[in-house]
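Here is how names work: the chains are called A, B, and so on, in the same order as the sequence lines, proteins then strands, and each is numbered from 1.
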There are 2 protein chains.
Amino acid sequence: MSGKKQNLPRYRQVYEILRKHIVNGVYQEGDMLPSENDLCQTNGITRPTVRLALDQLVKDGFIKKQKGKGSIVCAQPKGIGILSVAGTTSAIGKENLKTKILVGPVIRKWDDPFMFPLSDVEKESGCIYMERVRLVNNKPLFYDITFLPNINLPRFTSRKFENRSLFDILRRSYQVEVTGGEQSLKAITAKGKICQHLDVQEGDPVLHLERKINTNRIDFSFYSTLFCNTIEHALFGIF
Amino acid sequence: MSGKKQNLPRYRQVYEILRKHIVNGVYQEGDMLPSENDLCQTNGITRPTVRLALDQLVKDGFIKKQKGKGSIVCAQPKGIGILSVAGTTSAIGKENLKTKILVGPVIRKWDDPFMFPLSDVEKESGCIYMERVRLVNNKPLFYDITFLPNINLPRFTSRKFENRSLFDILRRSYQVEVTGGEQSLKAITAKGKICQHLDVQEGDPVLHLERKINTNRIDFSFYSTLFCNTIEHALFGIF
DNA sequence: CATTTCAACTTGTATTTACAAGTAAAGTTA
DNA sequence: TAACTTTACTTGTAAATACAAGTTGAAATG
């Protein structure tokens, strides 16, 4: 116990503590969080630092703040929060999520043209390619094609991704943290491989996301094309 | 000129200035913004204030920051940024956007059940209902059904919405600022009214968004069901 | 010339202090 | 009791300061 992440800045530590308390129901929807001054005392930090933590919680949709009153805990979304900074695993919860590897990871050349503009360094270093299907309650929901630049990722192709989170592997094995990204989004109708992998009929509606995912390494981004069966589970996001 | 918004906090003013400079191309993609200390001097403020402005620019995807280096201007997205805090008008640009009113605004009762949980106050006060189609280059792209609680919105139903922005009217006439919201998202196939209003064939893929939009009035939110024809224009967002 | 070291500059984190402005409840007054 | 005022507490904004840590280019060194 108490073996927390000691290298994280304190505002991040406080954020993690409060986030866990909300997720675990210590604070429930509609509850007030302790005031900023209280949080200063209990954590031994000052208001600007507390406010950094709270700002992050607001941004992630866990609380809303009201001037003169305090921080109010929000309802936790029921849908799948894939539109925010979170991998599929953390968006759904590990319990019901399984991952089936279809292809890779293998090293190959980048598609040309690619869905996002690539730097010269990215082009030269080649591409680590994966195809995965994510299943929720044993029903395929996401068909995910991932492209990573082959930069500073030793032994990546020999790692096991079966039922493991890509984001976790990047963070734990390579100290790569996802910080954000951009995505484009459209509705399409299923055909071919998509029908097969998502177990839907030809002509069924499917959500198509193309994402560029940025990390704490300033010139390391990776890319993902995602097909989602949203018939039963809508995607959820805050803005 | 210079008759700017004087009541806005200074970090917001600086944000607006920098945002406009980026949008207007004074700073272009890849350019460095002046350093935080420079911005302090030129604006007569201190670093924490400058950093608030820059944080907002990061959040909105205009810049990215690199420790030890500076603030780098990002490419401005080509798609339609409806997934962020912006009305359709500002997401597309006024030039090519037209609005056709199909219904309303009229006062009626809330649907029961409604797509989001409603407070008692909202239920009692009734609902202002509108249906609009937004056209880009004279092609219908959004079929937007809007629900507003009938609270403190005098003469709302007699206002002209033809080719005007709902967000603008709320801000200018009622001092209501949109601060964020939540949305759920799924792909569907078009049928019935949707085909008609979006000018698509039955069975064509359509994006369906359901949004709760929060404002600076703590218990005033409004709601929108949006059907988007994404065949030609994908939606774009950052996270 | 090539390499290393260093100094100057950048953003990141954190403290301390101060006041403005909104909320809510206790207390006061009619 | 009902309405108003005060008071305490809350978040919002802002300044001044300090040091850590990453980046870059100039200066010193081999």
Taking only distance into account, with no hydrogens and no angle test, what donor-acceptor pairs under 3.5 Å do side-chain atoms of residues 104-113 of chain B form with protein atoms, sequence neighbours excluded?
{"residue": "R108(B)", "atom": "NH2", "partner": "D111(B)", "partner atom": "OD1", "Å": "3.0"}
{"residue": "W110(B)", "atom": "NE1", "partner": "E122(B)", "partner atom": "O", "Å": "2.8"}
{"residue": "W110(B)", "atom": "NE1", "partner": "G126(B)", "partner atom": "O", "Å": "3.2"}

- prompt: How many Å lie between CD on E36(A) and C1' on dA21(C), as a whole number?
  reply: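 Taking CD of E36(A) and C1' of dA21(C), I get 14 Å after rounding.
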- prompt: Toward the 5' end of DNA chain D, which comes first, R10(B) or I218(A), by nearest nucleotide?
  reply: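 With R10(B) and I218(A) compared, the 5'-side residue is R10(B).
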field: Nearest-nucleotide comparison on DNA chain C, the residue closer to the 5′ end among N37(B) and G68(A)
entry: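 Counting from the 5' end, the first nearest nucleotide belongs to N37(B).
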message: Once salt bridge (charged side-chain N to carboxylate O under 4.0 Å, His left out) is applied, do any residues pair with R217(B), and if so which ones, sequence neighbours excluded?
response: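 With sequence neighbours excluded, R217(B) shows a salt bridge (charged side-chain N to carboxylate O under 4.0 Å, His left out) to no residue whatsoever.
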task: Within residues 57-67 of chain A, find the residues that approach DNA chain D with a heavy atom at under 4.0 Å, and present them sorted by residue number.
output: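 Within residues 57-67 of chain A, the residues near DNA chain D are K65(A), Q66(A), K67(A).
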field: Residues in contact with DNA chain D, drawn from residues 45-56 of chain B - heavy-atom cutoff 4.0 Å
entry: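 Heavy-atom cutoff 4.0 Å gives I45(B), T46(B), R47(B), P48(B), T49(B).
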With a cut-off of 3.5 Å and sequence neighbours excluded, list every side-chain donor-acceptor pair involving residues 21-33 of chain A.
{"residue": "N24(A)", "atom": "ND2", "partner": "K20(A)", "partner atom": "O", "Å": "3.2"}
{"residue": "Q28(A)", "atom": "NE2", "partner": "G25(A)", "partner atom": "O", "Å": "3.4"}
{"residue": "D31(A)", "atom": "OD2", "partner": "Q28(A)", "partner atom": "N", "Å": "2.8"}

Using the test ring-ring contact (aromatic ring centres under 6.0 Å, His included), find all partners of [X] that sit at least two apart in sequence or belong to another chain.
{"X": "F220(A)", "value": "none"}
{"X": "H233(A)", "value": "none"}
{"X": "Y129(B)", "value": "F147(B)"}

task: Please report the C-alpha distance between Q175(B) and R171(B) in whole Å, then the side-chain angles of each, then the deciding distance to 0.1 Å, and finally whether the side chain to side chain contact (heavy atoms under 4.5 Å, CB included) criterion is met.
output: CA-CA 4 Å; Q175(B) 287 76 52; R171(B) 187 174 60 246; over 6 Å; no
side-chain hydrogen bond (donor to acceptor under 3.5 Å, both in side chains) contacts in which one or both residues fall within residues 53-63 of chain A, not counting sequence neighbours: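 Output for this query lists Y15(A)-D60(A).
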message: Using the side chain to side chain contact (heavy atoms under 4.5 Å, CB included) criterion, which residues pair with I238(B)? Sequence neighbours excluded.
response: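 Partners of I238(B) by the side chain to side chain contact (heavy atoms under 4.5 Å, CB included) criterion, ordered by chain and then number, come out as E182(A), F236(B).
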For residues 39-51 of chain B, dump all side-chain donor-acceptor pairs below 3.5 Å to protein atoms at least two apart in sequence or in another chain.
{"residue": "T42(B)", "atom": "OG1", "partner": "D38(B)", "partner atom": "O", "Å": "3.1"}
{"residue": "T42(B)", "atom": "OG1", "partner": "L39(B)", "partner atom": "O", "Å": "3.3"}
{"residue": "N43(B)", "atom": "ND2", "partner": "L39(B)", "partner atom": "O", "Å": "2.9"}
{"residue": "R47(B)", "atom": "NE", "partner": "E36(B)", "partner atom": "OE1", "Å": "2.8"}
{"residue": "R47(B)", "atom": "NH2", "partner": "E36(B)", "partner atom": "OE1", "Å": "3.0"}
{"residue": "R51(B)", "atom": "NH1", "partner": "E36(B)", "partner atom": "OE1", "Å": "3.4"}
{"residue": "R51(B)", "atom": "NH1", "partner": "E36(B)", "partner atom": "OE2", "Å": "2.9"}

message: What is the first contacted nucleotide of DNA chain D and what is the last, in 5' to 3' order, if contact means an atom lying under 4.0 angstrom from a heavy atom of chain B?
response: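 Nucleotide range with atoms under 4.0 Å of chain B: dT13(D) to dT24(D).
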